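Working notes for the structure below.
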Amino acid sequence: MVSVTDDVSTPTTIRSNWAGNLEYRAARLLRPTTLEEVREAVTAGGPVRAVGSRHCFNDIADTTGTHLSLESFEPVDASTLTVDTDAHGATTVTVSGGARYGDLATALYAHGYAVPNLASLPHISVAGAIATATHGSGVTNQGLGGAVVALEIVTATGEVLTVRRGDGAAETSGDAGSAAAAAAGSAGAAELDADTDSAPLPFDAAVVHLGALGVVTRVTLAVEPTFDVRQDVFVDLPWEAFERDAGAVLGAAYSVSVFTTWRDDAMDQVWLKSRVDEIETRPGGALALGEDFHGARRSPVPLHPLPGISAESCTEQLGVAGPAHERLAHFKMDFTPSNGDELQSEYIVPREHAVAAVAAVRALREQIVPLLQVTEIRTMAADGFWLSPSGAQDSVGIHFTWLQRQPEVEALLPVIEAALAPFDARPHWGKLFTTDAARLAELYPRLPELRALAARLDPEGVLRNDYLDRVLG
């Protein structure tokens, strides 16, 4: 029998999202521990939504029915974690969709391996992060979904599908079983025939799926031998330096973040996360070792991205090298992430428009600054997924951490979206935005196919909620 809480109205971590700006309406919370219990939960009747680390700022995970948490489903443990290497030398690991990236990365390190990249928070769940196209940074780094090589998905009808990178079709099963690892390669390009029950489930559709296709129970990820990273922070980057050569700034390290409060004189901070094994060979990489970075000065003390907040919760800086999982995220796993009392939005634009898009936002500084804590600019490589904001092109993300003044923020978002419209800005699926379904369909040509695929896999609308009704139409 699936474990259920007697009362979901008491713990705030259950009833609300992490930021506290959204009160969930779920009538019950289930914590299955087996695949059969997941199948039982989704077929029991009534609306169901998977809920992860609750770090989304909109109602993507909300439901009036059952919340399904995989936090107790096959927890990550270094002693039982299995790393597989196939005949082609591809190394993978399969984990629960409810696993948190920080726990996984720590366990992998004990085996001598690492995930290719991390988001700013290591506390987020694997399935939730990839379903919303969450990302870290790096001009050659795809979003977190780029490491996925296989998914195990329980559909709304209780079918268990295994979808592999490089395959056009999904395997179907009614029995429990781990998703088999597959060598990383080109994503399947099969077209969906929405009128055919036996139509394939394309891999490109399954990774970033917004929870519309099913509950992701297991994820197989490509991993690599562990590597060391050093983190160097520079302050007061002149605007002219960014405008003159944004590519050089954003490509100077394995992962780069530029933070700004839209001051007139300079961008506040640049965080360079450099792989120790490539720092001397990466173009511009050696700048991380010096005192000057394109006119910005090395910080002699650790810094938090938000002005005036202690850096105690941040991963180690000052150029001290350490394991990748202890540097690539901005925040330590054992600390409360970020600030908490905040809202977030992000818009992703093709990388060739980076300077123009940042300038368009900068022109709105008088409206933005009174509501802002900080803006972060990051990069990601194209990944080919149907609903990924960087699916078709290398991209730059312009991320806003707002004060918790939601009515005012939501009133401002259409202004920002209009300013970024000429650059085909795509919103982060898990953060606040007002872009409507018609515009989203223009930005994502395959969104109608995803909608048809969701209707075929979920004919009764078990997984539908207000969010999916808005964005899928």
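These numbers come from a predicted model, not from an experiment. Computed from heavy atoms alone, side chains included, the values below leave out hydrogens, waters and symmetry copies.
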**Request:** Looking only at non-hydrogen atoms, find the nearest pair between Phe234 and Leu272 and report the distance.
**Result:** CE1-CD1, 3.7 Å
**Message:** I want to check something: taking the side chain as every heavy atom from C-beta on, are Leu364 and Leu412 in contact at a cut-off of under 4.5 Å?
**Reply:** no
**Spacing of CG belonging to Asp228 relative to OG belonging to Ser274, to within rounding of 0.5 Å** = 12.0 Å
**Item:** Donor-acceptor side-chain pairing of Thr261 and Asp268 below 3.5 angstrom
**Value:** yes
**Message:** Taking side chain to side chain donor-acceptor pair (under 3.5 Å) as the criterion, tell me which of Glu346, Gln142, His428 meets it with His135.
**Reply:** Glu346
**Asked** What orientation do His55 and Phe57 show, parallel under 30°, tilted 30 to 60°, or perpendicular over 60°?
**Response** perpendicular
**Asked** Do Trp271 and Gln231 pass the side chain to side chain contact (heavy atoms under 4.5 Å, CB included) test, and can you show the C-alpha distance, the side-chain angles, and the key distance before you say yes or no?
**Response** CA-CA 7 Å; Trp271 289 29; Gln231 184 165 220; 3.1 Å; yes
**Asked** Applying the side-chain contact (heavy atoms from CB on, under 4.5 Å) test to Ile153, which of Thr217, Leu457, Leu201 qualifies?
**Response** Leu201
**Asked** Can a cation-pi geometry be assigned to Arg426 and Tyr444, taking NZ or CZ under 6.0 Å from the six-membered ring centre and within 45° of the ring axis?
**Response** yes
**Message:** Could you check whether Thr401 and Glu342, counting side-chain N and O atoms only, form a donor-acceptor pair closer than 3.5 Å?
**Reply:** no
**Contacts of Ser388 that satisfy side-chain hydrogen bond (donor to acceptor under 3.5 Å, both in side chains) - sequence neighbours left out** = Asp383, Ser390
**Sole candidate of Val215, Val126, Val51 that passes side-chain contact (heavy atoms from CB on, under 4.5 Å) when paired with Leu70** = Val215
**Prompt:** Think Arg275 forms a cation-pi with Tyr254, using NZ or CZ under 6.0 Å from the six-ring centre and within 45 degrees of its axis?
**Reply:** yes
**Message:** Nearest 0.5 angstrom please: Leu213 CG to Leu161 CG, how far?
**Reply:** 9.5 Å
**Item:** Shortest non-hydrogen separation from Trp429 to Ile60 and the atoms involved
**Value:** O-CD1, 4.2 Å
**Asked** With sequence neighbours left out, what residues match Glu243 under side-chain hydrogen bond (donor to acceptor under 3.5 Å, both in side chains)?
**Response** Arg362
